[in-house]
Amino acid sequence: MSTANKNFFITTPIYYVNDTPHIGHAYTTILSDVLTRFHKLAGENTFFLTGTDEHGQKVQQAADKRGTSPQEHTDIFSKRFKEAWGEINIGFDKFIRTTDPEHIAFVQKMVQALWDKGQIYEKEYEGLYSVGEERFFSEKELVNGMDPVSGRPVERVTEKNYFFRMSAYQDWLVKYIEEHPDFILPDFRRNEVLGFLRQPLNDLCISRPKSRLAWGITLPFDKDFVAYVWVDALFNYMSAVDGKTFPDGSPIWPADYHLLGKDILTTHAVYWTTMLKALDLPLPRHILAHGWWMMDNARMSKTTGNVVNPMDMKTEFGVDVFRYFLIREMVVGQDASFSREALVLRLNSELANDVGNGLSRILKLAATGLGNRLTPVPSEGEEEAALKRAAEEAVTAALEKVRALKLSNAIEDTLALIRAVNRYLEVKAPWKLAKEGEAGKAKLNSVLYHSAEALRIGFSLLQPVMPSKMVEALAALGVLQGATGFDPKTSPLVWGGYGYGNPLAEGVNLFPRIETAKPAPGGQKPADGKASAPADPFSLIHLKVARVEAVEDHPNADSLYVLRLKIGEEERTVCAGLKKHLTPEELKGRDVVVVYNLKPANLRGVESKGMILAAEGEGGKVIPVSPDGAAPGDDVTAEGTPPAPKSDLTMKEFEKAPLTVRSGTVFYRDRPLRSPKGPISAKAQDGTVVR
RNA sequence: GGCGGGUUAGCUCAGUUGGUUAGAGCAGAGGAAUCAUAAUCCUCGUGUCCGGGGUUCAAAUCCCUGACCCGCUACCA
């Protein structure tokens, strides 16, 4: 990182234009911004790219709904991202939009090149297409020959699509990742990708017929098709910098870092990488997948609705504090939890007590004893030499940590320097010197100059994280600086590199403390806060009686049946691993108990919405439990547990509530499950687990 | 089910190729000081390093095994 004249190109994913900017987007973008500013501080040429992904069916639909053209729609919604980044001080060099004409032309050029190289082929297949749902259904999914969702008719459609020969690059990719251990970061993500690549890799469908999706980039070799999202979006990283160079004349591509959330790692590590390889183009140097921000121990996402709006945090604490918290709290790659309490803790104990207060002390002492003027002096005493050394070590250590992407630790090193200043002040007690008048003035100046210089270097190291606050802090110290103050040519990180020509400010309170309610004497806070949380795990589960209407073999799995269930008035498709245990005849017409709110899962190509409860009986035979006498649609409950079912129950949550067999009926712990007509029976021995 | 990772002070976590009394920050207790944002500085930890076995002169660190947690993946349903 100390190497001068290096070039540094970093990207964020392009965000889907229909999304509202949330903390996930903000984190990725802030992290890129901070890294960029650090590299700039170290004297490198940098290029920082972000943007929006603007094609696809959802955009088209949203535009239709609003009665505008897709282009007008994306113009408005793309701007929301751009403005959001402006508000949190993101200094990107380019904001790309996939609807930019240059991008469209570039994608077409690349797709054509793949086509010319024989890396794309067409394949036809026949399927059942529902116009209402705009998707294909398998024959098994149909209900009475109709679309199972809308109940409308489906058409037999023969559709052609284009495929990229991704499978041809599987072996190469495995080898490449193994030979470049820092290609995918952090390393446990690399292992996951390699694990994924142990399965055979399919070719990648890269097209959609215009009849189904018009809002996209037309394929140059077939005007009836548009490019599917991966091809369209991923090439933004290159199209944005096509033909552009760094000041030293070298091309900007390839990227040093692609930053992304772990959900789109495969897309980048596999799809993008193999496409580049197929075109003999240089690969990005690193792909860095970061973790999620957790909120109340739940994943942050727009679907669950528990979104912290970055703009709210900015309003309450200021942009820089918000940025500081995100960078300080999260270990890059790991998940982290977001809470207002944690943010206030960081703000008070680090920014207010150490950084802001350190500055305040010096300003006040300089005001009372030196008339707000500092004069640079050589470091003669032992403590002064030690402080200077501490500053130099902090610079080395922090930049080293940044290069290793350990940003939180880099801040830690910087805080250590600032704490050293506070310690130095205790030792030197300049407030005593200030009372000695003229006699102590030279000594006072030396102490304050050394403190100020150490602080200045600390502030410079914090500047990438808190750009505006640190400029303010340096101005308060009276440092001679330009408007930006961080041109590496002026050696911001070198002891004595700056003059102190301006008067020091007075009454600056850089980071005001946030007063927190003191816990009542002897009161415990977080420990028993959990006491309210653990509800009965069974209450989350919603069980219903269902009747098996039809049993089909799974088209693509040996041990699975595809069952059509009737649950009251509702019809559902559920997969069941009962093929080895029961014949279709035994199953058909039977009444079963189904986990009604289980998160739908895709089992070898068929969506399964629920799970049938069964227990292993004699001879390892798995038999569904029976709700004797109850009608399809009836609820099944456990005595004493008020139901509070949650939608999209995970398997893990389901398993937290153990169901077992006892004397022929199903129990949750010590309470029997009941339908309105009585207990649920199971032909299995006591203690058998039901699932 | 398969693969991978984790379990260290009240909390969040460091602990390099096994080697002297296991560390940091936060929180907590006591004290000093008073320039400062009731901020700062100093002092204070008898922690079965998840349990159990093993290798070794020596293990938080290596091996086996059990429990729990997490991630990816799956004909898990």
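To find a chain, count down the sequence lines: A is the first, B the second, and so on, and within it residues start at 1.
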How far does the [atom1] atom of [N] sit from the matching atom of [M], given to the nearest Å?
N      : M      : atom1 : value
G23(B) : C49(B) : C1'   : 12 Å
G45(B) : C70(B) : C1'   : 30 Å
U61(B) : A22(B) : P     : 15 Å
U34(B) : C41(B) : P     : 16 Å
U12(B) : A59(B) : P     : 29 Å
A67(B) : C11(B) : C1'   : 24 Å
G30(B) : G15(B) : P     : 34 Å

Do the two ring centres, one from [X] and one from [Y], sit under 6.0 Å apart?
X       : Y       : answer
Y561(A) : H554(A) : no
F338(A) : F325(A) : yes
Y668(A) : F538(A) : yes

So what does [X] touch, heavy atoms closer than 4.0 Å: a base, only the sugar-phosphate, or nothing?
X       : value
G369(A) : nothing
N353(A) : sugar-phosphate
L363(A) : nothing
A576(A) : sugar-phosphate
R189(A) : sugar-phosphate
G577(A) : sugar-phosphate
K435(A) : sugar-phosphate
Y561(A) : nothing
L345(A) : sugar-phosphate

Taking OP1 and OP2 of A39(B), is either one under 4.0 Å from a side-chain nitrogen or oxygen of R513(A)? yes
Establish, with yes or no, whether the OP1 or OP2 oxygen of C42(B) is under 4.0 angstrom from a side-chain nitrogen or oxygen of R423(A). yes
Assign the ring pair H450(A) / Y424(A) to parallel, tilted or perpendicular, where the plane angle (0 to 90°) is split at 30° and 60°. tilted
So W272(A) and H258(A), would you call those rings parallel, tilted or perpendicular, with 30° and 60° as cut-offs? tilted
Nucleotide-level pairing of RNA chain B, given in dot-bracket where Watson-Crick and G-U pairs need both distances under 3.5 Å and | marks other strands: (((((((..((((.....[...)))).(((((.......))))).....(((((..]....))))))))))))....
Donor/acceptor link under 3.5 angstrom from D558(A) side chain onto base of C75(B): yes
Say whether T573(A) and R564(A), considering side chains only, have a donor N or O and an acceptor N or O under 3.5 Å apart. no
What's the separation between atom CD in E506(A) and atom CG in L504(A), rounded to the nearest 0.5 Å? 9.0 Å
